[in-house]
*Asks:* 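Could you have a look at this structure, given as structure tokens, before my questions?
Excluded from the calculations below are hydrogen atoms, water molecules and symmetry mates; all remaining heavy atoms, backbone and side chain alike, are included. So you know, we letter chains A, B, ... as the sequences are listed, proteins then strands, and number each from 1.
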2 protein chains.
Amino acid sequence: MKTEKKGPSGRPRGFDTGEALERAMLVFWEHGYEGASLGRLTSAMGISATSMYAAFGNKEELFRKALERYTEGPSAYLDEALKEPTSLGVATAILSGVIRTTTAPSRPQGCMGIQGALAAGESAQSARELLVGWRNDGYLRIRKRFERAVGEGDLPAGADAGLLARYVTTLAHGIAVQAASGVCRDELQAMADAALRVWPPL
Amino acid sequence: MKTEKKGPSGRPRGFDTGEALERAMLVFWEHGYEGASLGRLTSAMGISATSMYAAFGNKEELFRKALERYTEGPSAYLDEALKEPTSLGVATAILSGVIRTTTAPSRPQGCMGIQGALAAGESAQSARELLVGWRNDGYLRIRKRFERAVGEGDLPAGADAGLLARYVTTLAHGIAVQAASGVCRDELQAMADAALRVWPPL
DNA sequence: GGAATTCTGTATCGATCACTACTGAACATG
DNA sequence: CATGTTCAGTAGTGATCGATACAGAATTCC
């Protein structure tokens, strides 16, 4: 029994969709949904507008897929951080991961999940709502992890997991804004270290 | 000796520039520089495009003046907060001010100084740079205030005023992002209270 | 009241937006 | 090789972008 591999008749695609999506992600990351014009996107992707529409549907879907790639690539530190054995380890790993991702010298400064579309006009409302959901999902996963920590005795019984998750999320988002403003990595890391020196901040 | 008040010959302006600027500020605040089209702006201002250009120059200058109005209006809590007698009072007042401003039910959610243009395309780079300077100015004023607190003995001699200012700024910006995502006021205030329960976070 | 000056609305500018019809080239299958 | 299918580039769609030319209306100065 072998997997059905029917040959797709026709001319094969002349570019790598993964790499093109990576390039598109970087443009959205740097300029936001509204600031990323189709001309700039396709130019960075190295393909024509026709090929982009054939491969990804439209600008909105391209953004959605670019966000997925962002989640599994530059933002994958969150998955790893949630596996840390203690809540303090989780919080520490999240903040250092955010700092590393938002201040990497070879990549856009800031976080695509925030500056991709924080406020927007009519044409970008769906992108904005997508990112609101993306950020809320991150918060929920952190909260759930902290709830587990309360159950395990890692956090005191009276600890408010939601409040702690909100605290870490707020710091993470604030760091992303600072990074977008050009604040350097070391300064942010020193600040994060100080913020977590008392844990939990009950 | 009386102030020279030469009569400006010609038809007087038919609208109140202050109120028009207030309306424009709200549009920029809600939709950002790029998301605020001229049509939407002039429609909200209640004037024609011609009148807008005659009164404010162009979109870029309109944004600059709207930001000034934002600084002196919704963002005026910072001036007051810096007058608090202690560094903890300053930090507390800043965060509660941010929360009040970014979650007011009758106004756009979030902070114009951030979502006005966090990431942007080519045409909005000047607006983006203007906001980077605006945020950095806020940071510098807080830092200077904390340096004073160190000199006064309000903060311990070894305290790093820059790091503390960065901490408060990061929380403030993070709160603004949360507010833009729809997080409610009470939750943010509870989080801010917890964040400042240990002060300074040395 | 006449002239000069400034405001306001209409209509429109060229440029760019996201998006697509069309043509021809490139490749897989039979 | 012949046929069918898909890709990619050119050119151009209507809509909207920010910004203006123009002409009529309104007000002040002389």
*Asks:* Hey, can you pull the residues of residues 40-58 of chain A with a non-hydrogen atom under 4.0 angstrom from DNA chain D?
*Replies:* A:Ser48, A:Thr50, A:Ser51

*Asks:* By side-chain contact (heavy atoms from CB on, under 4.5 Å), which residues pair with A:Pro108, not counting sequence neighbours?
*Replies:* A:Leu26, A:Trp29, A:Glu30

*Asks:* What's the CZ-P distance between B:Arg13 and C:dT6, to the nearest Å?
*Replies:*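 Going from B:Arg13 (CZ) to C:dT6 (P), I get 12 Å.
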
*Asks:* Which residues satisfy the side-chain hydrogen bond (donor to acceptor under 3.5 Å, both in side chains) test with A:Ser126, sequence neighbours excluded?
*Replies:* A:Glu60

*Asks:* I'd like to know if B:Glu147 and B:Lys144 make a salt bridge, using a cut-off of under 4.0 Å between side-chain N and carboxylate O.
*Replies:*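 No, no charged N to carboxylate O under 4.0 Å.
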
*Asks:* B:Leu21: which residues meet the side-chain contact (heavy atoms from CB on, under 4.5 Å) condition with it, sequence neighbours left out?
*Replies:* B:Phe56, B:Leu62, B:Lys65, B:Ala66, B:Arg69

*Asks:* Can I get a per-line list of side-chain donor-acceptor pairs under 3.5 Å for residues 36-48 of chain B, giving both atom names and the distance, sequence neighbours left out?
*Replies:*
from: B:Ser37; atom 1: OG; to: B:Arg40; atom 2: N; distance (Å): 3.2
from: B:Arg40; atom 1: NH1; to: B:His31; atom 2: NE2; distance (Å): 3.2
from: B:Thr42; atom 1: OG1; to: B:Leu38; atom 2: O; distance (Å): 2.9
from: B:Thr42; atom 1: OG1; to: B:Gly39; atom 2: O; distance (Å): 3.3
from: B:Ser48; atom 1: OG; to: B:Ser51; atom 2: N; distance (Å): 3.3
from: B:Ser48; atom 1: OG; to: B:Ser51; atom 2: OG; distance (Å): 3.3

*Asks:* side-chain contact (heavy atoms from CB on, under 4.5 Å) with A:Arg13: which residues, sequence neighbours excluded?
*Replies:*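 Listed in chain order: A:Phe15, A:Thr17, A:Ala55.
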
*Asks:* Could you run down the sub-3.5 Å N/O contacts of the protein with nucleotides 14-17 of chain C?
*Replies:*
from: C:dC17; atom 1: OP1; to: A:Ser37; atom 2: OG; distance (Å): 3.4

*Asks:* For the helix from C:dG1-D:dC30 to C:dG30-D:dC1, how many degrees between its two end axes (five pairs per end), to the nearest 10°?
*Replies:* 10°

*Asks:* Enumerate the residue pairs fulfilling side-chain hydrogen bond (donor to acceptor under 3.5 Å, both in side chains) with a member in residues 188-202 of chain A, sequence neighbours excluded, ordered by first and then second residue.
*Replies:*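 Of all non-adjacent pairs touching residues 188-202 of chain A, those that pass side-chain hydrogen bond (donor to acceptor under 3.5 Å, both in side chains) are A:Ser87-A:Trp199, A:Gln189-A:Asp193.
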
*Asks:* Distance-only check: which donor-acceptor pairs under 3.5 Å involve side-chain atoms of residues 173-186 of chain B, not counting sequence neighbours?
*Replies:*
from: B:His173; atom 1: ND1; to: A:Gln178; atom 2: NE2; distance (Å): 2.7
from: B:Gln178; atom 1: OE1; to: A:Arg166; atom 2: NH1; distance (Å): 2.7
from: B:Gln178; atom 1: NE2; to: A:His173; atom 2: ND1; distance (Å): 2.7
from: B:Ser181; atom 1: OG; to: A:Arg135; atom 2: NE; distance (Å): 3.0
from: B:Ser181; atom 1: OG; to: A:Arg135; atom 2: NH2; distance (Å): 3.0
from: B:Ser181; atom 1: OG; to: B:Val177; atom 2: O; distance (Å): 2.9
from: B:Arg185; atom 1: NE; to: B:Thr103; atom 2: OG1; distance (Å): 2.8
from: B:Arg185; atom 1: NH2; to: B:Arg100; atom 2: O; distance (Å): 3.1
from: B:Arg185; atom 1: NH2; to: B:Thr103; atom 2: O; distance (Å): 3.4
from: B:Arg185; atom 1: NH2; to: B:Thr103; atom 2: OG1; distance (Å): 3.4

*Asks:* Can you find a pair of side-chain heavy atoms, one from B:Thr101 and one from B:Tyr70, that are under 4.5 Å apart?
*Replies:*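 With C-beta onward as the side chain, the pair touches.
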
*Asks:* With heavy-atom distances below 4.5 Å as the criterion, would you say the side chains of B:Pro201 and B:Leu196 are in contact?
*Replies:* no

*Asks:* Residues two or more places apart in sequence or in another chain: which of them pass ring pair (Phe, Tyr, Trp, His ring centres under 6.0 Å) with A:Tyr167?
*Replies:* none

*Asks:* Please enumerate all protein N or O atoms sitting under 3.5 Å from an N or O of nucleotides 23-26 of chain D, with distances to 0.1 Å.
*Replies:*
from: D:dA25; atom 1: N3; to: B:Arg11; atom 2: NH1; distance (Å): 3.3

*Asks:* Working note: A:Tyr33 + A:Gln125, criterion side chain to side chain contact (heavy atoms under 4.5 Å, CB included); need CA distance, chi angles, decisive distance, verdict.
*Replies:* CA-CA 10 Å; A:Tyr33 182 85; A:Gln125 281 305 322; over 6 Å; no

